[in-house]
Protein chains: 2
Amino acid sequence: MPTLADVAREAGVSKATASRALMRPDMVAAPTLERVRSAAERLDFQPNRAARALTTGRTGMIGLIVPTLANPFFAPLVLGAQRAAEETDSLLLLTVSEYDARREAALADRIADQVDGLVMVAPVGTDRALRERARHRPLVLVDRKVGRLPSVVLDTAQGTSELVAHLLELGHREIAYVSGPPGSWADARRRDAMRAQTEAAGARLHVLGPLPPTFDAGIEAVGALPEGVTAAVAYNSYLALGLLHGLEAAGIKVPGEMSIAAADDLTTLAATTPSVTALGVPVEEAGRLAVVRLLEICAGPRRTVADRLPTAVHPRDSTAPPRRP
Amino acid sequence: MPTLADVAREAGVSKATASRALMRPDMVAAPTLERVRSAAERLDFQPNRAARALTTGRTGMIGLIVPTLANPFFAPLVLGAQRAAEETDSLLLLTVSEYDARREAALADRIADQVDGLVMVAPVGTDRALRERARHRPLVLVDRKVGRLPSVVLDTAQGTSELVAHLLELGHREIAYVSGPPGSWADARRRDAMRAQTEAAGARLHVLGPLPPTFDAGIEAVGALPEGVTAAVAYNSYLALGLLHGLEAAGIKVPGEMSIAAADDLTTLAATTPSVTALGVPVEEAGRLAVVRLLEICAGPRRTVADRLPTAVHPRDSTAPPRRP
DNA sequence: CTGAAAGCGCTAACAC
DNA sequence: GTGTTAGCGCTTTCAG
């Protein structure tokens, strides 16, 4: 491994100049710059990150904590974050908290001093813990808001109320919300938004749950759908798939006897029979933006940013007017 | 942030002794050890990893490259790897190659000098590139073998031939293999194993593909199933789900007219109608073991290890005897 | 615009 | 067993 000293010698300059040429090209005369660059090229010089980190205090790594990878929902999030990191020559340190606040805290502590900042998808866990963490390192929250902490939220609250509007328009008046994990920040927002929307229309929202956001839970939820309900919105795709399956097993026609919709949109939803009406969510963009914001914060003064990403209703075959009694 | 010097002063010893006490407790007298430990505790001392990396040449990080996260198949792999890393106080640097050999190479180059070693899930890409990479850094391959490079393989070749045995036993004689991504190492192994198994039994294997391992490709594959075939094994769960859906749409009964099985086992396969016979694969264990092996290699002499993890057929409702003509 | 020199925090020889 | 010393490779004052 060639070092900066090698490059400097090869270019016939001092280490300081070599360093400047590579880091701050505008601080160096054009011909010198060229010499250093070509020397670095020739030697295939890769700066030693540890050494750089030691002097600058910046590691060039950013931490990303997600609750799980078992749900493909997070795949584009990670991808978006990785792409954004690549563009600035940063690296992603990824950890999975498994929806466990204690584990999340332990992991965050463990990596905090190795990264320049942290992007966290932390649906559960206390505001306090997140606030505290933000005091030490730059922190960007995804799909959650805590006070004035920087955040990127997928506006599924707005989205679910559009989903409800879609159902109301079809004529539904008794709508169920099959809600997600207990304590989920986004879940509570959606519930509130849907409630407001239904009540304003003189309709009724029946909340089931909280439920684990799984296929199986969706199946079981079918038994708990209140009498008279003609449409159900599920917290996520898995619950919706479970509903679909459970309804089929129970001999209840979709959308004839029951309309269903999901508040996110895994690709399989478009391919089921019937295809499932869902909320398109810019997940990759959220990952990308979170990293961009984090790097802004690392660079400049700690501005407060709160981005809100719009979602879009994808109407499909699982929603239709209720059967007239 | 307190440094080792602070700890040393607080404990009334030299930096060297403090360092030894923390790193090699057995090289230090018991009372000294105690003093240093309590000093470190009191100050909440966290060693600076960059500094340590600079002197030791070891970063305490290991790289993990996976082709995608959109397939939940890889979730337990990452989790297993992360758990193993945690246990040795290492950190995981995760990157996603998106099944793109060029991207994979670029990412590997980028992180190579930041990690002590690399675990790669590299189903595509050339042997040569992997061999070359292994010359620079310790490398453990997952689900692929290249010469004598250390590897952890999920023995789905053996597994698929057991799947075929299961089908043969049911009476099938014309079996299709709906194969996976072009150039996939594991796919080729499975194909060979299944071919051998069918031919030995005087039956026939019809290979479809290569195909992208997706739900949609599975649907389309239905149209390509040769006349006379009564059972199909799919490269993965998505293809199998696609088959199931496509067959249903085509009015072909499963398992009455066509048996299907998958060569991996996402949880949804157990919950479809009918549930799908599949190959249980110890994915989390593979992730764990790969990291363990990597750390062994980093520590000791570069031994050649090749682990082969057994899989298990999970018979479900999608396989049954063929309809007698 | 460039060079010399200091030092980031830690570990590893090498003495004592 | 413990302390002293010398760097690891880089960035950054500070002079020139």
Side-chain angles (χ1 to χ4, degrees), chain A residues 1-40 43-61 89-91 111-116 298-299, chain B residues 1-40 43-61 89-91 111-116 298-299:
Chain A
M1 282 271 106
T3 77
L4 189 65
D6 299 325
V7 175
R9 193 173 332 106
E10 176 86 8
V13 298
S14 70
K15 284 196 307 175
T17 302
S19 175
R20 287 195 199 97
L22 268 15
M23 294 291 288
R24 268 183 262 301
D26 47 314
M27 286 183 67
V28 140
T32 317
L33 176 59
E34 190 41 48
R35 292 224 310 287
V36 173
R37 279 202 173 144
S38 80
L43 269 41
D44 189 28
F45 170 70
Q46 302 285 118
N48 180 319
R49 305 277 172 168
R52 178 177 291 177
L54 191 54
T55 41
T56 61
R58 304 194 43 182
T59 60
M61 297 195 293
D89 205 36
S90 305
L91 245 31
I111 68 173
D113 61 322
Q114 300 256 59
V115 299
D116 296 334
C298 290
Chain B
M1 282 270 109
T3 78
L4 189 65
D6 298 325
V7 176
R9 192 174 333 105
E10 176 85 6
V13 298
S14 72
K15 284 196 308 174
T17 301
S19 175
R20 287 193 199 99
L22 267 15
M23 294 292 287
R24 271 182 260 302
D26 47 315
M27 286 183 66
V28 139
T32 319
L33 177 59
E34 190 41 48
R35 292 224 310 288
V36 174
R37 278 201 173 143
S38 79
L43 269 42
D44 188 28
F45 169 70
Q46 301 286 119
N48 180 319
R49 305 277 171 168
R52 178 178 291 176
L54 192 54
T55 41
T56 61
R58 305 194 42 182
T59 60
M61 296 195 294
D89 205 36
S90 305
L91 245 32
I111 68 173
D113 61 321
Q114 300 256 59
V115 298
D116 296 333
C298 290

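When reading the values below, keep in mind they use all heavy atoms of this one structure, side chains included, and skip hydrogens, waters and symmetry mates. Below, chains carry the letters A, B, ... as their sequence lines are ordered, and counting in each starts from 1.
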(request) Could you list all the salt bridge (Lys or Arg N to Asp or Glu O under 4.0 Å) pairs where at least one residue sits in residues 1-10 of chain B, not counting sequence neighbours? (result)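 Qualifying pairs, neighbours excluded: B/Asp6-B/Arg9, B/Glu10-B/Arg42.
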(request) At the 4.0 Å heavy-atom cut-off to chain A, mark where contacts on DNA chain C begin and end, going 5' to 3'. (result) C/dC1 to C/dG9
Partner set under side chain to side chain contact (heavy atoms under 4.5 Å, CB included) for [X], not counting sequence neighbours:
| X | value |
| --- | --- |
| A/Thr17 | A/Val13, A/Ser14, A/Arg20, A/Val28, A/Thr32 |
| A/Leu54 | B/Asn48, B/Ala51, B/Leu54 |
| A/Val7 | A/Val36, A/Ala39, A/Ala40, A/Leu43, A/Phe45 |
| A/Arg52 | A/Met23, A/Pro47, A/Arg49, A/Thr56 |

(message) Testing the basics here: between B/Asp116 and B/Gly57, what is the closest heavy-atom pair and its distance to 0.1 Å?
(response) OD1-O, 4.4 Å
(request) Taking all non-hydrogen atoms of both residues into account, name the closest pair between A/Gly12 and A/Arg35 and its distance. (result) O-NH2, 3.8 Å
(request) Return the set of residues passing side chain to side chain donor-acceptor pair (under 3.5 Å) with A/Ser90 (not counting sequence neighbours), or none when no residue passes. (result) A/Thr88
(request) Could I get the full list of side chain to side chain donor-acceptor pair (under 3.5 Å) partners for B/Arg58, not counting sequence neighbours? (result) none
(request) With DNA chain D as reference, determine whether B/Ala30 or A/Asn48 sits nearer its 5' end, using the nearest nucleotide of each. (result)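 The residue whose closest nucleotide sits nearer the 5' end is B/Ala30.
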(message) Just to be sure I understand the geometry, which residues of residues 7-19 of chain A put a non-hydrogen atom under 4.0 Å away from DNA chain D?
(response) A/Lys15, A/Ala16, A/Ser19
(message) Under 4.0 Å, heavy atom to any atom of DNA chain D: which of residues 52-60 of chain B qualify?
(response) B/Leu54, B/Thr55
(message) Looking at D/dT12, I'd like to know if its phosphate oxygens (OP1 or OP2) sit under 4.0 Å from a side-chain N or O belonging to A/Arg24.
(response) yes
(request) Between D/dC10, D/dC14, D/dG3, spot the one nearest the side chain of A/Phe45, thanks. (result) D/dC10
(message) With rounding to the nearest 0.5 angstrom, report the CD to CG distance, A/Gln114 to A/Leu91.
(response)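 Those atoms lie 12.0 Å apart.
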(message) Test of understanding: with salt bridge (Lys or Arg N to Asp or Glu O under 4.0 Å), list the residues that count as partners of A/Asp113, not counting sequence neighbours.
(response) none
(request) Return the 5'-most residue of the pair B/Pro47, A/Asp26 with respect to DNA chain C, ranking by each residue's nearest nucleotide. (result) A/Asp26
(request) May I have the distance from B/Asp113 (atom CG) to D/dG9 (atom C1'), rounded to whole angstrom? (result)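 Taking atom C1' of D/dG9 as the reference, CG of B/Asp113 is at 13 Å.
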(request) Could you tell me the separation between the CZ atom of B/Arg20 and the P atom of D/dG1, rounded to a whole number of Å? (result)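 The distance from CZ of B/Arg20 to P of D/dG1 comes to 11 Å, rounded to the nearest Å.
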(request) Work out how much the helix from C/dC1-D/dG16 to C/dC16-D/dG1 bends between its end axes, five pairs an end, to the nearest 10 degrees. (result)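 Terminal axis comparison yields 30°.
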